[in-house]
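Note: hydrogens, waters and symmetry copies are ignored here, and every other heavy atom, side chains too, is used.
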Amino acid sequence: MNAHLPLTLPALIRQAAARFPQRPAIVDETYRISYAELLARSQQVARALIARGIQSGDRVAVWAPNIHEWILAACGVHAAGAVLVPLNTRMKGAEAADILARSGTRLLFCIGTFLDHYYPELLREHRPATLEVIVVLRGEVRPGVCSARDLSWDEFLQGGDAVDTASVLVREVGLSGESTADLMFTSGTTGRPKGVMAAHAPTIRAFREWTRVVGLEEGDHYLIVNPFFHAFGYKAGWVAAFIAGATVYPEQVFDAEKVLARIERDRINFLPGPPTLFLSMLAHPRLDSFDISSLRATVTGAATVPPILIGRMRNDLGIARVTTAYGLTECGGCATICDPQDSVDTVAGTCGRALPGTEVRCVDELGQAVAPGRAGEVCLRGYHVMQGYFEDPKATAEAIDAEGWLHTGDVGVMDERGYLRITDRLKDMFIVGGFNCYPAEIERMLVEHPAIAQVAVVGIPEERMGEVGCACVVLKPDSTLSEEALISWARSRMANYKVPRRMLQFDAFPLNASNKVLKRELLQSVLARLAGAAGVP
């Protein structure tokens with residue numbers, strides 16, 4: 001951890017390969033890749049990308065679950081000087097195509113079959129003209145679904161044989177710490193995901209500090225359940241592991257029994273995740289039959305964390321270092337973090353203090369800092385604030401003010417110690433099982449239903465997922481629509497976590513003077529109706 005801090009992600013891989021050449025970098029079930037092999041394989045991917053005509057700054061996407069090929073593809077994208085575009089595996093074809101088109105992605109690394117879907121087929125009717133090639137990471141390239149230009153992973157890699165390693169070095173030398181490393185699309189209140197541009201050096205600096213605080217150490221076995229398409233699985237995931245010199249154990253889908261067995265078999269030391277992950281482990285009927293004594297450290301967050309959970313993670317799961325953090329894609333995924341030595345109440349009730357080099361404050365409606373203990377909008381300033389939204393200067397200017405403060409839209413309270421507590425969500429956002437859901441984005445898709453005249457989505461409490469969506473609809477005249485029919489229709493068009501679990505019909509919505517839906521009033525009406533239907537007085 002005392003080694004010189006590299007400025008780019010390809011330089012980080014080179015440094016790790018020099019420091020830990022024979023240590024496993026990735027163990028994907030029975031497949032093992034050493035750090036020396038990680039460097040060689042990522043160079044091979046970069047050569048193949050160059051052979052396909054990918055230029056520095058071009059966008060290359062990855063749409064796959066947590067597998068070793070995801071990491072190899074991403075490292076190769078960076079080594080070729082290109083920009084990584086991670087895609088959420090829960091997206092439907094139209095959602096993924098929208099991001100591919102707006103980012104101008106030329107090449108897509110895509111899983112074959114995952115969760116009973118052949119992913120290239122999801123794009124068949126939506127494939128943008130700008131997408132030249134799909135590389136199928138696992139499985140066959142199906143004729144009639146894929147184009148004649150599409151390739152298997154092995155065919156793609158073979159194409160790089162004609163390009164020498166010197167060409168990759170030229171691309172790497174052309175990078176600086178401020179070169180854009182990735183373009184991560186995050187949903188927003190405008191109803192369409194926005195592309196957040198992040199540079200190489202800020203990611204490395206922030207997550208070197210993160211590894212120090214959370215206790216991720218050289219030689220650790222790091223089980224990554226958090227998806228690689230999210231900053232929690234990508235930057236706080238395998239990037240952090242490579243900074244520390246740890247070994248990455250990818251997990252495609254969370255299953256409590258499988259994860260407990262893997263902790264025992266692979267002697268996992270480090271396992272972050274949302275509270276639902278640990279609640280599921282604690283609720284497993286045979287928890288005591290697994291030897292999980294190797295588990296030493298974790299980071300949780302993404303939802304309210306009850307103090308009793310922190311206590312049980314320490315006592316029942318035996319995790320000595322438990323901490324929580326706060327961040328958003330626009331600041332690289334982490335802005336504040338608790339110290340694992342903090343009290344249970346502090347770890348559960350706050351998001352910790354600002355990372356070194358980061359300023360955090362809460363401000364009033366005039367942008368003035370409020371006193372400790374008073375609520376205000378959370379604003380961040382520092383080296384890892386995004387470069388901006390991709391091709392959207394207006395949205396960038398709205399998010400980052402003239403003094404460099406990123407306005408998060410979250411409401412929080414800072415105490416006298418500098419610890420932040422989030423008290424409200426980004427406008428109307430709600431969190432389903434650790435995934436952020438933005439009503440405007442969901443509403444934009446639901447309003448396409450032929451029976452719906454108006455729709456408003458609110459988050460309602462739900463025991464297992466924390467919150468779920470409720471679609472409030474005003475139907476067109478002479479139209480009918482059942483809750484079951486709407487849910488079925490929505491499931492075919494959007495990621496599962498976005499699909500509303502309830503539907504209520506309204507004659508009209510409460511509106512303000514600007515004819516905007518008063519979401520808080522609507523939510524109160526929804527909760528009252530649901531309570532009445534359940535017979536709650």
Side-chain angles (χ1 to χ4, degrees), residues 61-65 86-103 105 108 110-129 131 134 136 139 142 144-147 185-188 190-193 227 229-230 252-254 429-460 462 464-465 467-476 479-505:
V62 182
W63 197 22
L87 292 182
N88 188 328
T89 53
R90 299 188 179 210
M91 285 180 172
K92 304 302 182 185
E95 296 172 292
D98 176 62
I99 289 174
L100 292 169
R102 289 197 290 125
S103 64
T105 290
L108 168 66
C110 183
I111 191 65
T113 299
F114 176 59
L115 298 180
D116 300 323
H117 291 290
Y118 183 66
Y119 271 58
E121 189 165 20
L122 297 178
L123 281 176
R124 180 159 57 169
E125 297 179 4
H126 308 282
R127 183 168 177 164
L131 181 60
I134 294 176
V136 181
R142 294 183 184 174
V145 175
C146 300
S147 79
F185 278 78
T186 179
S187 301
T190 58
R192 286 186 100 182
F229 60 75
H230 192 283
Q252 294 185 35
V253 178
F254 174 70
M429 185 192 87
F430 54 97
I431 300 177
V432 177
F435 288 94
N436 292 356
C437 290
Y438 297 84
E441 181 186 6
I442 300 170
E443 290 160 3
R444 181 172 58 86
M445 292 184 276
L446 291 180
V447 79
E448 295 179 4
H449 192 286
I452 293 177
Q454 298 178 57
V455 61
V457 174
V458 295
I460 58 174
E462 200 268 348
R464 188 175 70 88
M465 304 301 290
E467 290 177 293
V468 294
C470 177
C472 305
V473 301
V474 176
L475 297 180
K476 293 178 181 176
S479 294
T480 59
L481 181 63
S482 69
E483 183 179 82
E484 182 180 67
L486 177 64
I487 292 172
S488 176
W489 184 90
R491 282 195 193 284
S492 68
R493 288 164 173 79
M494 64 185 74
N496 186 54
Y497 65 90
K498 299 177 188 176
V499 174
R501 303 305 200 271
R502 298 301 306 269
M503 185 197 85
L504 293 177
Q505 292 188 32

Q: For the residue pair Y119 and W63, categorise the inter-ring angle as parallel (less than 30°), tilted (30 to 60°) or perpendicular (more than 60°).
A: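 Judged by the thresholds at 30° and 60°, the geometry between Y119 and W63 is perpendicular.
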Q: Could you tell me if the side chain of V136 sits less than 4.5 Å from the side chain of P120, heavy atoms only?
A: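 P120 reaches V136 side chain to side chain.
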Q: Side chains of L486 and I452: closer than 4.5 Å at any heavy-atom pair?
A: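 Sidechains of I452 and L486: in contact.
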Q: For residues 479-494, which residue pairs pass the salt bridge (Lys or Arg N to Asp or Glu O under 4.0 Å) check, not counting sequence neighbours?
A: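 Listed by first then second residue: E483-R502.
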Q: Test of understanding: with side-chain hydrogen bond (donor to acceptor under 3.5 Å, both in side chains), list the residues that count as partners of R90, not counting sequence neighbours.
A: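 R90: no side-chain hydrogen bond (donor to acceptor under 3.5 Å, both in side chains) contacts found.
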Q: Can you check side-chain contact (heavy atoms from CB on, under 4.5 Å) on V253 and F114, steps first, answer last?
A: CA-CA 10 Å; V253 178; F114 176 59; 3.8 Å; yes
Q: What heavy-atom pair brings P439 and F430 nearest, and what distance separates the two atoms?
A: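 Nearest heavy atoms, P439 then F430: CG-CE2, 4.0 Å.
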Q: Hey, are the side chains of E448 and W489 touching, using non-hydrogen atoms and a 4.5 Å cut-off?
A: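 A side-chain contact exists here, since the closest heavy-atom pair is under 4.5 Å.
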Q: Applying side-chain contact (heavy atoms from CB on, under 4.5 Å), name anything that partners A485, two or more places apart in sequence or on another chain.
A: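 Here the qualifying residues are L481, S482.
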Q: Once side-chain hydrogen bond (donor to acceptor under 3.5 Å, both in side chains) is applied, do any residues pair with Q454, and if so which ones, sequence neighbours excluded?
A: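 Scan of Q454 (side-chain hydrogen bond (donor to acceptor under 3.5 Å, both in side chains), adjacent residues dropped) gives none.
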Q: Compare every heavy atom of A495 with every heavy atom of M91, then report the nearest pair and how far apart it is.
A: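 In this case the closest contact between M91 and A495 is N-CB, 4.1 Å.
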Q: So which atom in M494 and which in V499 form the shortest heavy-atom distance, rounded to 0.1 Å?
A: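 Scanning both residues completely, I find the closest heavy atoms to be CG-CG2, 3.7 Å.
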Q: Where is the tightest heavy-atom contact between F185 and P193, given as atom of each residue plus distance?
A: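 Closest approach of F185 to P193: CD2-O, 3.9 Å.
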Q: Return the set of residues passing salt bridge (Lys or Arg N to Asp or Glu O under 4.0 Å) with R102 (not counting sequence neighbours), or none when no residue passes.
A: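 Checked R102 against salt bridge (Lys or Arg N to Asp or Glu O under 4.0 Å); matches are D98.
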Q: Report the C-alpha separation of L108 and L87 in whole Å, then their side-chain angles, then the decisive distance to 0.1 Å, and conclude whether the side-chain contact (heavy atoms from CB on, under 4.5 Å) test is met.
A: CA-CA 10 Å; L108 168 66; L87 292 182; 4.0 Å; yes
Q: How close do A471 and V457 get, heavy atom to heavy atom, and via which atoms?
A: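 Between these two residues, the closest heavy atoms are CA-CG2, 4.4 Å.
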Q: Is any side-chain heavy atom of C437 closer than 4.5 Å to one of E467?
A: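 No, too far: nothing below the 4.5 Å cut-off.
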Q: Does the side chain of L446 reach to within under 4.5 Å of the side chain of V473, using non-hydrogen atoms?
A: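 Not in contact.
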Q: Are any non-hydrogen side-chain atoms of P65 and I111 less than 4.5 angstrom apart?
A: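 Yes, side chains in contact.
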Q: Measuring from atom CD of Q505 to atom SG of C472, what distance do you get when rounded to the nearest 0.5 angstrom?
A: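 Here the interatomic distance stands at 11.0 Å.
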Q: At what distance, to the nearest 0.5 angstrom, does NE2 of H230 lie from OG1 of T186?
A: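 Between atom NE2 of H230 and atom OG1 of T186 there are 8.0 Å.
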Q: Are any of the side-chain heavy atoms of K92 and S492 separated by less than 4.5 Å?
A: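 A side-chain contact is absent here, since even the closest heavy-atom pair is not under 4.5 Å.
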Q: Going by the rule salt bridge (Lys or Arg N to Asp or Glu O under 4.0 Å), which residues pair with R142 if we only count those two or more places apart in sequence or in a different chain?
A: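 For R142 the salt bridge (Lys or Arg N to Asp or Glu O under 4.0 Å) partners, ignoring immediate neighbours, are E140.
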Q: At their closest point, which heavy atom of P128 faces which heavy atom of A101, and how far apart are they?
A: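 Closest approach of P128 to A101: CB-CB, 3.8 Å.
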Q: Test N496 against V432 for side-chain contact (heavy atoms from CB on, under 4.5 Å), laying out the working first.
A: CA-CA 10 Å; N496 186 54; V432 177; over 6 Å; no
Q: Tell me whether R501 is salt-bridged to E462, with the criterion being a basic N under 4.0 Å from an acidic carboxylate O.
A: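 Judged by the 4.0 Å cut-off on N to carboxylate O distance, R501 and E462 do not form a salt bridge.
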Q: With a 3.5 Å distance limit and no angle check, can you tell me whether R124 reaches the backbone of G144 through a side-chain donor-acceptor pair?
A: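 It does hold such a pair.
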Q: With rounding to the nearest 0.5 angstrom, report the SG to CG distance, C110 to L122.
A: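 Here the rounded value is 8.0 Å.
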Q: Is there a side-chain contact (heavy atoms from CB on, under 4.5 Å) between V455 and H449 once you walk through the steps?
A: CA-CA 10 Å; V455 61; H449 192 286; over 6 Å; no
Q: So do the side chains of C470 and L504 get within less than 4.5 Å of each other, counting heavy atoms only?
A: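 Counting from C-beta outward, C470 and L504 do come under 4.5 Å.
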Q: CG/L123 to OG/S147 distance, rounded to the nearest 0.5 angstrom?
A: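 So the gap between those two atoms works out to 11.5 Å.
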